[in-house]
S.K.: 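First, the structure itself, so that you have it in front of you.
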Amino acid sequence: MIVWLNGTHGAGKTTTGALVRQLIPDSRVFDAEKVGETLMDITPGLPATDNFQHWPPWRPLVVETARRVLEYTGGTLVMPMTVLVEEYWREISTGLAGHGVPVRHFVLHADQDTLRGRIEGDTVMGPSSFRLRHLEPYAEAARTWLHAEAEVVDTTRLTPAQAALRIAEGVNSPGPSKDEAWGSEGEV
């Protein structure tokens, strides 16, 4: 199975993903960004883009890599990766389903002020205009499709450990209906 942690930059996907891995037996973290980094290393480079997800090979390579790793290791892959383009999410989730790989899709959500504060105060990566530029596309995706496609965990007032525990508990129980969400109060 795959536990996909979606949401915009600053929501806590990477930190939470590492903690989720500790709570789900026989699990590993697979960061699909590494697939994008591999594509960025091709020389001469692929056509210019502001986001490697726009390269058509990225999505099927993510599917193929995830399914092959699961075929080899079994268990659960925890995948912290922002996907805000609905068409791209459909391509990935349909591709995984076509290989019989179940996906639990979680969105780590926080209100815009909290996200902005996390990004601007990040002591590891530092403030990032790239990450800040994704706040509005995230809000639009959340309003139009993303929150309806996933189990939403509002991290505005949760520690990463609390969010990880909610996700791990969710993986071990049936998913909520599309109308339900854990702690999904506040603005999108």
Side-chain angles (χ1 to χ4, degrees), residues 1-38 40 51-53 58 62 65-66 69-70 73 75-85 88-89 92-93 103-139 141-142 146-147 149-173 175-176 181-188:
M1 133 180 309
I2 289 175
V3 175
W4 195 290
L5 304 181
N6 206 339
T8 195
H9 307 283
K13 294 178 308 299
T14 301
T15 302
T16 302
L19 295 168
V20 167
R21 188 204 56 79
Q22 294 173 14
L23 297 171
I24 298 175
D26 196 25
S27 64
R28 293 167 174 72
V29 173
F30 168 42
D31 185 349
E33 189 165 325
K34 300 301 182 190
V35 174
E37 290 173 6
T38 297
M40 290 188 306
N51 186 333
F52 59 73
Q53 291 186 16
W58 180 77
V62 167
T65 304
V69 169
L70 284 172
T73 63
T76 300
L77 282 183
V78 178
M79 295 182 64
M81 186 72 214
T82 299
V83 178
L84 301 180
V85 177
Y88 299 172
W89 175 251
I92 292 167
S93 60
V103 177
R104 288 294 293 270
H105 185 197
F106 294 88
V107 171
L108 302 186
H109 173 78
D111 64 60
Q112 292 285 305
D113 290 339
T114 299
L115 290 168
R116 188 172 307 284
R118 289 177 184 171
I119 292 167
E120 291 172 349
D122 191 324
T123 58
V124 176
M125 295 180 65
S128 164
S129 59
F130 174 86
R131 295 167 82 200
L132 289 169
R133 282 194 310 268
H134 283 82
L135 292 180
E136 185 50 41
Y138 166 73
L146 184 58
H147 284 194
E149 292 291 321
E151 300 168 55
V152 178
V153 178
D154 190 323
T155 67
T156 302
R157 292 176 187 82
L158 295 179
T159 66
Q162 290 168 325
L165 185 58
R166 286 189 183 187
I167 291 163
E169 288 172 347
V171 167
N172 294 320
S173 67
W182 292 309
S184 59
E185 54 197 66
E187 68 183 71
V188 171

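Note that the coordinates shown come from a computational prediction; the quantities given were computed from them, not determined experimentally.
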S.K.: Answer whether the closest heavy-atom distance between the side chains of Thr65 and Phe30 falls below 4.5 Å.
M.R.: yes
S.K.: Out of curiosity, Leu19 CG to Leu165 CG, how far, rounded to the nearest 0.5 Å?
M.R.: 10.5 Å
S.K.: Between Glu37 and Lys34, does any NZ, NE, NH1 or NH2 come within less than 4.0 Å of an OD or OE carboxylate oxygen?
M.R.: yes
S.K.: Closer than 3.5 angstrom, by distance alone: can the side chain of Thr155 be matched with the main-chain N or O of Leu108 as a donor-acceptor pair?
M.R.: no
S.K.: Which heavy atom of Asp31 sits nearest to which heavy atom of Pro80, and what is that distance?
M.R.: OD1-O, 3.8 Å
S.K.: Could you check whether any side-chain heavy atom of His134 comes within less than 4.5 Å of a side-chain heavy atom of Asn51, counting everything from C-beta outward?
M.R.: yes
S.K.: Any side-chain heavy-atom pair from Trp4 and Val83 closer than 4.5 angstrom?
M.R.: yes
S.K.: Working to the nearest 0.5 angstrom, can you tell me the gap between Leu77 CG and Leu70 CG?
M.R.: 4.0 Å
S.K.: Taking only residues two or more places apart in sequence, or in another chain, which ones meet Phe52 in a ring-ring contact (aromatic ring centres under 6.0 Å, His included)?
M.R.: Trp58
S.K.: Do Arg166 and Leu158 come within less than 4.5 Å of each other through their side chains, counting heavy atoms only?
M.R.: yes
S.K.: Within the distance-only criterion (no hydrogens, no angle test), does the side chain of Thr82 pair as donor or acceptor with the backbone N or O of Gly7 below 3.5 angstrom?
M.R.: yes
S.K.: My understanding is that only one of Ile167, Thr15, Val171 makes a side-chain contact (heavy atoms from CB on, under 4.5 Å) with Val20; could you say which?
M.R.: Ile167
S.K.: Compare all side-chain heavy atoms of Val62 with those of Met81 and state whether any distance is below 4.5 angstrom.
M.R.: no
S.K.: Scan residues 2-30 for pairs that pass salt bridge (charged side-chain N to carboxylate O under 4.0 Å, His left out), counting only residues two or more places apart or in two chains.
M.R.: Asp26-Arg28
S.K.: Any idea which heavy atoms bring Leu146 and Asn6 closest together, and the distance?
M.R.: CD1-ND2, 3.5 Å
S.K.: I need the Arg157 CZ to Gln162 CD distance, nearest 0.5 Å.
M.R.: 12.5 Å
S.K.: Measuring from atom CZ of Arg118 to atom CG of Asp113, what distance do you get when rounded to the nearest 0.5 angstrom?
M.R.: 11.5 Å
S.K.: Could you point out which residue of Val3, Ile2, Val29 forms a side-chain contact (heavy atoms from CB on, under 4.5 Å) with Met79?
M.R.: Ile2
S.K.: Does Arg104 reach the main-chain N or O of Gly170 with its side chain, forming a donor-acceptor pair under 3.5 Å?
M.R.: yes
S.K.: Could you go through the side-chain contact (heavy atoms from CB on, under 4.5 Å) check for Ile119 and Leu135 one step at a time?
M.R.: CA-CA 10 Å; Ile119 292 167; Leu135 292 180; 4.0 Å; yes
S.K.: Tell me if a side-chain donor or acceptor on Thr156 pairs with a main-chain N or O of Asp111 at a distance below 3.5 Å.
M.R.: yes
S.K.: Any side-chain donor-acceptor pair under 3.5 Å between Tyr138 and His109?
M.R.: yes
